[in-house]
Q: 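Dropping a structure here in structure tokens format, bear with me for questions.
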Amino acid sequence: MDYLSTLNEPQYEGVVNTEGPAMIIAGAGSGKTRVLTYRIAYLIKEKGIDPFNILSLTFTNKAAREMRERIERVVGLNARNLWMGTFHSVFARILRSEADRLGYPSNFTIYDSDDSKSLIKTIVKEFGLDDKVYKPNVVLNRISSAKNRLVSWEEYLANPLYEADDAAAQKPEMGRIYKAYCQRCFKANAMDFDDLLFNTNVLFRDHVDVLNKYQHRFKYVLVDEFQDTNVSQYLITKKLSSVSQNIAVVGDDAQSIYAFRGANIENILNFEKDFPDLRVIKLEQNYRSTQNIVKAANSVIARNKGQLKKSVWTANDEGNRIELIKSISDNEEGRFVSSAIFEQKTQNNYQNRDFAVLYRTNSQSRAIEEALRKSGIAYKIYGGLSFYQRKEIKDLMAYLRFAINTADEQSFRRIINLPKRGIGTTSVEKMVVAAFEHDIPLWEVLTNIQAFLPGRAANAVEQFVTLVKSFQISIETKDAYEAASHIAKNSGLLKELYADKTVEGLNRYENVQELLNAIKEFVDTPDVEDKSLGAFLQDIALLTDADNEDPEDTDFVSLMTIHSSKGLEFKNVFVVGLEEDLFPSQMMMSSRADLEEERRLFYVAITRAQENLYFSYALSRYRFGRLINCEPSRFIEEVDPSFIFVNTRYGSREPQLGRREGPPGVTSNFARNLMASKKAVPKKPPQYHKPSADFRPSDTSNLQEGMKVEHPKFGFGKVHKMDTSGANKKAKVIFEDFGEKTLLLSFAKLRIVE
DNA sequence: TACGCCATGTTTTTT
DNA sequence: ACATGGCGTA
């Protein structure tokens, strides 16, 4: 019981009241993770609950892992059997074991957002739509938000409200794309991130026996970061605990920063309605930060209208004021940060790990990184381009994925001509289309290729099929590591990378080796029972970059976005890039007009700091390679000025727009002349034709000489000659403005005018 | 079909 | 600055 003696009163309440629904509203730094972990420990130790019956949901793998460690410290290895993980990973696991109920195989693939985007891109292309109007990002967001509100494509198409919405947004085909996207995913035996939640809802809705099973199993449900759950997630947890009523949610409405992902503060209000016996506990004492930091944070968040009543306070020392630094450029900002870190380290005995640099967008890491590297300070960048998003890794993963799930269209497209085997886009399209037209699996087309694609490419496809079949055999007979190395070697990927002796090529080769190492590690982990490649892929699909821990060298400065800093704390925190339009983000303001969420983000950034906090902004910054002028963020003025100390040591010079920093030396003159000479060659901007708004490509299979056509870029022209000699039909068209062009009919979008 | 040149767009955050 | 994609050429 000794671990309980360290708790204050509301924390204690939160730990020991394990029965019935509970909502713990926890201010920043009030020890919410501690309450959550002790609550679980209490359930196991004092209440004798089997860890097997406890489900604990978090938002990141990192948070889950940390919590498991902390619980193990109190209850020992007994915590092994806890169901603890992110929403996505826990329900992916459940979906795999119940997949047949939904008509999926249990080895379904999980599409990451890159896969989703490229699938959308091909659909848009196939529909003959303009991908400038139907941008993959925008379309995916729309689909994602529909799924997060549990609107299926059937409901979407049936509801005139969505139709009107899309028509107003000049995107009338959205419903059709949504439908095609879902059908393609299903046919590929794939689920995207949102499907994992959506389909869990479907599973529990349509299969009461399954729901009962898990309701019985999870007698206690705990949810961390409740303010960031979306409707889909909320309904799952609500259903699971509707029998036992033992649900505890922990969150802070002031730290809700994932509305763009469908997070819904209304969940907090709904929760009170759905569970009338709710016990509400407020944790308001902050143990993390100095008084100055807590008060400054309060002065910021007080500007938001829609917050729950809560007053965070601290008994800590007053502490230093927030230092505000203005720099002339992003590079100087980086230099300031690194010298301030250096000064603090030498004067006050801090280590690298006591510092974090937080920014709004990942791209801001570059300037900071450069400065830290120059001054020899160890650092680590979290997020950004993760290991698993690298091209070479995705390539090998695509081979592994395809061998296991031959319906996976995205992986297929990735590897069919990699390394080059003479199977071009045309052949790929034909194969995919054949699978759809005959309503058969893609694999069936591939194995009977002569029937669908007679000709030169067929041989290559047959070889590809033989290759994949041999991979499948090695996957069945060997463990994950041996199978993966076999595939890496025999696919020709390793060979191709090995041949590349550039620094980049070497790096990529090493990355592939690293992936293989990771697989080896997986195989060698004693806990893991299923050592097959399939098991590894399932394990890895939902893992992000947060996994790569370097145990030997742990003393580094942390660089990350504010989003990924949630839940963490550091003695010294730099919030950089406080410029209007960057933070608050222009994008966010114009698309969703949500200043309050940006402000909550600012609040999160401030409350990461324990002892010292720095704000920094630059008067000019590079964007798309161009220097732009910047205004200080409105957020700086929103902090009560009595908490701010303006540091005048830096930033006395004014920015020089349009040229790089530093005195114009030989190099920069040379560079400038080079630029000028390049500019001297006038680039004539091509005056492309603007296709009419209702431009739709026609079926060109019956195109005849003499027909008048419209091309989306070249405008109007007359078909001069048809060339049917080759494998691909071509048409020579004389355009009014561009002269004669030869167009491949399988590619070109042409509208037949008459 | 493969390769190289050039025009174009991109950056908000994450599972 | 950088990646992508279209188009022309071999």
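Basis for what follows: all heavy atoms, side chains included, without hydrogens, waters or symmetry-related copies. Only a predicted model underlies this, so the values are computations on that prediction, with no experimental measurement involved.
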Q: Determine whether the aromatic ring centres of A:Phe615 and A:Phe602 lie less than 6.0 Å apart.
A: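 When the ring centroids of A:Phe615 and A:Phe602 are compared, they turn out to be within the sub-6.0 Å range.
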
Q: Can you check the A:Phe260 CZ to B:dT12 C1' distance for me, whole Å?
A: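 About 7 Å, once rounded to whole Å.
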
Q: Determine, answering yes or no, if A:Phe624 is stacked on B:dT10 under the 5.5 Å centre rule and the 30° plane rule.
A: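 So A:Phe624 counts as stacking on the base.
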
Q: Which one, B:dT10, B:dT15, B:dC3, comes nearest to the side chain of A:Lys420?
A: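 The listed nucleotide nearest to A:Lys420's side chain is B:dC3.
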
Q: Compare the minimum distances between each of C:dG5, B:dT1, B:dA2 and the side chain of A:Lys121, then state the nucleotide with the smallest one.
A: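 Closest of the options to the side chain of A:Lys121: C:dG5.
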
Q: Rounded to the nearest angstrom, tell me the gap between atom CG in A:Leu601 and atom C1' in B:dT14.
A: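 Rounded to the whole Å, the gap is 12 Å.
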
Q: Closest to the A:Thr60 side chain: C:dT4, B:dT12, B:dT15?
A: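 Taking heavy atoms from C-beta onward, the closest nucleotide is B:dT15.
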
Q: Side chain of A:Lys132 only, heavy atoms from C-beta on: which candidate in B:dT13, B:dG9, B:dA2 is closest?
A: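 Among the listed nucleotides, the one closest to the side chain of A:Lys132 is B:dG9.
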
Q: How many whole angstroms separate atom CD of A:Glu580 from atom P of B:dT12?
A: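 Answer to the nearest Å: 15 Å.
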
Q: With a 4.0 Å cut-off on heavy atoms, is A:Lys135 in touch with a base, just the backbone sugar-phosphate, or nothing at all?
A: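 The answer is sugar-phosphate, as A:Lys135 gets under 4.0 Å only of primed atoms, P, OP1 or OP2.
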
Q: Is the closest basic N to carboxylate O distance between A:Asp112 and A:Lys394 below 4.0 Å?
A: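 Between A:Lys394 and A:Asp112 there is a salt bridge, with a charged N closer than 4.0 Å to a carboxylate O.
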
Q: Minimum heavy-atom separation for A:Phe198 and A:Ser232, please, with both atom names.
A: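 Residues A:Phe198 and A:Ser232, closest heavy atoms: N-OG, 3.9 Å.
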
Q: Let me spell it out: for each of A:Asp194 and A:Ile423, pick the nucleotide of DNA chain B with the closest heavy atom. Which residue's pick is nearer the 5' end?
A: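 Per heavy-atom nearest nucleotide, the more 5' residue is A:Ile423.
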
Q: What is the distance from CD1 of A:Ile236 to C1' of B:dT15, rounded to the nearest Å?
A: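 Atom CD1 in A:Ile236 sits about 13 Å away from atom C1' in B:dT15.
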
Q: Counting any heavy atom closer than 4.0 Å, what does A:Lys566 reach on the DNA or RNA strands: base, sugar-phosphate only, or nothing?
A: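 Counting heavy atoms under 4.0 Å across all strands, no contact is made by A:Lys566.
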
Q: Quick one: the side chain of A:Arg261 and the base of B:dT13, do they pair up donor-acceptor inside 3.5 Å?
A: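 Flag unset: no donor-acceptor pair detected.
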
Q: I'd like to know if A:Asp114 pairs up with A:Arg414 as an ion pair, taking the criterion as any Lys NZ or Arg NE/NH1/NH2 lying under 4.0 Å from an Asp or Glu carboxylate oxygen.
A: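 Salt bridge flag = no for A:Arg414 with A:Asp114.
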
Q: If you look at every strand shown and take non-hydrogen atoms under 4.0 Å, does A:Ser363 touch a base, only sugar-phosphate, or nothing?
A: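 The answer is base, as A:Ser363 lies within the cut-off (heavy atoms under 4.0 Å) of a base atom.
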
Q: If you only use heavy atoms from C-beta on, which nucleotide in B:dA2, B:dT14, B:dT15 is closest to the side chain of A:Ser113?
A: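 In terms of side-chain proximity for A:Ser113, the closest of B:dA2, B:dT14, B:dT15 is B:dT15.
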
Q: Given Watson-Crick or G-U pairs with both distances under 3.5 Å, what dot-bracket string fits DNA chain C, with | for other-strand pairs and [ ] for crossing?
A: ||||||||||

Q: So if I take every side-chain heavy atom of A:Lys125 and compare against B:dT15, B:dT14, C:dG6, which nucleotide ends up nearest?
A: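 Among B:dT15, B:dT14, C:dG6, the one nearest the side chain of A:Lys125 is C:dG6.
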
Q: What is the distance from CD1 of A:Ile562 to P of B:dT12, rounded to the nearest Å?
A: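 Checked: the CD1 to P distance equals 14 Å.
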
Q: Can you name the nearest heavy-atom pair linking A:Ala457 to A:Gly422, along with the distance?
A: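 Answer, listing the atom of A:Ala457 first, then A:Gly422: CB-O, 4.3 Å.
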
Q: Using the side-chain heavy atoms of A:His563, tell me which of these nucleotides is nearest: B:dT15, B:dT13, B:dT12.
A: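 Closest of the options to the side chain of A:His563: B:dT13.
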
Q: Examine B:dT13: is either OP1 or OP2 under 4.0 Å from a nitrogen or oxygen in the side chain of A:Asn362? Give yes or no.
A: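 Yes, because at least one side-chain N or O of A:Asn362 sits under 4.0 Å from OP1 or OP2 of B:dT13.
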
Q: Quick one: A:Gln255 CD to B:dT13 P, roughly how many Å, whole number?
A: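 In whole Å, B:dT13 P lies 20 Å from A:Gln255 CD.
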
Q: Between A:Phe412 and A:Phe464, is there a side-chain heavy-atom distance shorter than 4.5 Å?
A: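 Yes - at least one pair of side-chain heavy atoms lies under 4.5 Å apart.
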
Q: Side chains of A:Tyr111 and A:Asp408: is there a donor and an acceptor less than 3.5 Å apart?
A: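 The criterion, which ignores hydrogens and geometry beyond distance, is satisfied for A:Asp408 and A:Tyr111.
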
Q: Rounded to whole Å, please give me the gap between CG in A:Asn137 and P in B:dT13.
A: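 A:Asn137 atom CG is separated from B:dT13 atom P by 10 Å.
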
Q: Using a 4.0 Å heavy-atom cut-off across all strands, classify A:Asp228 as base, sugar-phosphate, or nothing.
A: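 Contact class for A:Asp228: none.
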
Q: Base, sugar-phosphate or nothing for A:Tyr258? Non-hydrogen atoms, less than 4.0 Å.
A: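 The residue A:Tyr258 makes sugar-phosphate contact but no base contact.
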
Q: Flag the pair A:Asp131 and A:Lys125 as a salt bridge only when some basic side-chain nitrogen lies within less than 4.0 angstrom of an acidic carboxylate oxygen.
A: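 So A:Asp131 does not pair with A:Lys125 through a salt bridge.
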
Q: Taking 5.5 Å and 30° as the limits, would you call A:Phe59 and the base of B:dT15 a stacked pair?
A: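 No; centroid distance or tilt outside limits.
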
Q: Where each residue is assigned the nucleotide of DNA chain B containing its nearest heavy atom, which of A:Ser564 and A:Arg421 is assigned the position nearer the 5′ end?
A: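 Looking at DNA chain B, the more 5' nearest nucleotide goes with A:Arg421.
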
Q: Can you name the nearest heavy-atom pair linking A:Tyr603 to A:Ala28, along with the distance?
A: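 Heavy atoms only, the tightest pair is OH-CB, 4.2 Å.
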
Q: Rounded to whole angstroms, how far apart are NZ on A:Lys117 and C1' on B:dT10?
A: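 It is 11 Å, rounded to the nearest whole Å.
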
